[in-house]
Q: 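Encoded as structure tokens, here's the structure I'll be asking about.
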Amino acid sequence: MDTTGEKPDSRPTPESVPEGENDTLKYQLLGPSLTKAGQDSVDQQKVSEIIYNASKGSKFFNHEQDRDRNLTIKIERILKEKARLERLDLSHELRRADEYLAELEMSRDLSQHVIHVDCDAFFAAVEELDRPELKTVPMAVGKGVLTTCNYLARKFGVRSGMASFVAKKLCPQLVLLPQNYEKYTEKAKEIRAILAEYDPLFESASIDEAYLNITAYCDQNQLEPEEAVQRMRAEILEKTKVSVSAGIAANAKIAKIASNINKPKGQFKVPSEREAIMEFMRDLPVRKVNGVGRVFERELESIGVKKCGDIYSHRVFLTKLFGEKAFQFLAQCYLGLGRTKIEPVENHERKSVSTESTFHEIGDKEEFRAKLWWAAQELEKDLARTQFKGRTLALKVKLHTFEVLTRQTAPSRPVSLAKDLYSFALPMLTKLEKEIPGMKLRLLGLRCSNLVSTQKAGINFFGVVAQPKAAAGPTSEPTSAPASDVNADREICAEEAFETAARQELQDEMNDLEQLSQETPETSTSRKPGPSAVPEPVAEPPMWDCPICIRPQIADDRMFNEHVDFCLSRQTIRQVVQDTSDDTPTIPPSTKKRKHTSPSGVHEADPKQKRLFFQ
DNA sequence: GCGGATCAC
DNA sequence: TATGGTGATCCGC
């Protein structure tokens, strides 16, 4: 490949990368939250140098380097394509683009006051409430990777998403706290209660962010939006002791951007006038817009689009270079348009349920199976909690090189139980093992999509489910059915449909057992994990092999689960011996806890509190 | 529909 | 020594 090898002097030394590549890689390594508030005074050059040196040579680093190189190649292609387009007659494209812009302009709605509320360094702030002495030191929440840090830490270049050992290099005195999600959820609840006063239909965007439409509130109280938001922020601070920042604008997209401008403890309003909005967008770096990340930023920059204002002059190329959706998205950025419809997240339809976990690198097939079984159990719990089954099941693995692979399958019926998830996922895993000899993993996960609700109440003719109603207040009545004949009929039919479905499911299960026991391609052991029973009509419960010790188990589900847990716990004992050696004292003595292993598995205890904010 | 990639938090 | 988990969406095939 390297034909220039004969000219040793003109080339960089092997370990030093060409200058340009080095720069983009360093930028990449700075992480995704560069745009976050609180680092204006940071010497990014120095920070990136430290991160670079801390990371250099690691597998993570190599993977980032690969990604960076691929992106550079992709950008070269984009530039070539742009050069090609420039030689063509693009009048048709241009007209199409302008027509779309005109169409968008027609839809502009400046009548609403939308605000985005964002808690300042939320997790860190909550921790500081419990331990005020932390306010005076740089501090971060999160273990392997930081989820939040306070503003003192940000002065050192410490950021969320950063590996904690890198953060320690930047700021050796950094105090690290473990996450306490319950605590944050509690606090978020308090804040939400206040938000609801201003817009009962507010939309939670995450645990610490929300959108509100305060148009009605302002009208009713004869307040300017800014006054209302001042009042709301003061009320939140007074009652919950947490400071929030806010953005006020005609739509959600701009409000989101605006909430970052005077962060922390501030607010910013973009006037609801076309001219003011266009002006605001004109000089706004595209990276500030939600949806433009590090990759798209670099791609856009390569063709000369740095600011949203630059989008207009490049409009002819955008569809061809980045696709229709990207064009439409960018057109909206240029015009400063966004949605004005704010609604409770409960109205949103969930598309998937998933679980994954990272672990110490493993290469043993039996260990893969143990991880898969663990994931299956976790997913079963999450599916039970969210009341779904999946028509599609996906396996995700991350190799020791950080490369991510996914494989998915469509089980013959919706699945939700751990043993089913395991059985259907195992063939995908064994196939991967064949494709990649000597495979080593650092992560394994499972995801169900194509969801089917298991909530009896909502089932209608088609097995489709009515979205559970938003529990807007304490007095809401989620289960009461609207009183109409039509609905009464549907209720009865739903009942029947449910029974039929249940019978069908039983039949399906039998069929699957048969199918699986015939086709499962298996490994060294002649035994098949998963069901090994003959599909006798009814009566006989299926037999299951333990995925850990591979011994056949006679199982009702409970006995099966108990046995597997036992096997896992034996494995845990071995694991713990290794684990405890790297228990670095990153946590201050007063809160230092022994790293403990969850009773049922080889994983660290990390109770999931997914999306509790929305419940 | 599948698998890779990007993005947000 | 060492770089997260959950959910969504888009693109190319």
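Fair warning: this is a prediction, and the values are worked out from it, not measured in the lab. Heavy-atom basis, side chains included; hydrogens, waters and symmetry copies ignored. Below, read A as the first sequence line, B as the second, and so on, with proteins coming before strands; counting in each chain starts at 1.
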Q: Hey, which sits more toward the 5' end of DNA chain C by its nearest nucleotide, A/Thr386 or A/Ile51?
A: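 Nearer the 5' end of the strand: A/Ile51.
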Q: List every contact pair, protein side and nucleotides 8-12 of chain C side both N or O, where the distance is under 3.5 Å.
A:
from	atom 1	to	atom 2	distance (Å)
C/dA8	OP1	A/Lys351	N	3.1
C/dA8	OP2	A/Lys351	N	3.4
C/dA8	OP2	A/Ser352	N	2.9
C/dA8	OP2	A/Ser352	OG	3.0
C/dT9	OP2	A/Lys351	NZ	2.9

Q: Name the nucleic acid region contacted by A/Lys256, choosing base, sugar-phosphate or nothing; use a 4.0 angstrom heavy-atom cut-off, strictly under.
A: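 Sugar-phosphate, backbone atoms only, no base.
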Q: What residues form a salt bridge (Lys or Arg N to Asp or Glu O under 4.0 Å) with A/Lys46, not counting sequence neighbours?
A: none
Q: Could you tell me if the ring centre of A/Phe322 sits under 6.0 Å from that of A/Phe317?
A: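 Aromatic pair excluded; centres sit 6.0 Å or further apart.
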Q: Would one find more than 12 heavy atoms of other residues, nucleotides or ligands at under 6.0 Å from atom NZ of A/Lys183?
A: yes
Q: What residues, two or more places apart in sequence or in another chain, satisfy salt bridge (Lys or Arg N to Asp or Glu O under 4.0 Å) together with A/Glu49?
A: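 Here the qualifying residues are A/Lys26.
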Q: For a quick check of understanding: with a heavy-atom distance under 4.0 Å over all strands, which category does A/Phe61 fall into, base, sugar-phosphate or nothing?
A: nothing
Q: What contact category does A/Arg447 fall into here, base, sugar-phosphate, or nothing, at under 4.0 angstrom with non-hydrogen atoms?
A: nothing
Q: To the side chain of A/Val166, which of B/dG3, C/dT3, C/dG5 is closest?
A: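 The answer is C/dT3, which lies nearest to the side chain.
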Q: Should we say atom NZ of A/Lys320 is surrounded by more than 12 heavy atoms from elsewhere, each under 6.0 Å from it?
A: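 Counting other residues, nucleotides and ligands, NZ of A/Lys320 stays at 12 neighbours or fewer.
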Q: Less than 4.0 angstrom between a side-chain N/O of A/Asn70 and OP1 or OP2 of B/dG4, yes or no?
A: no
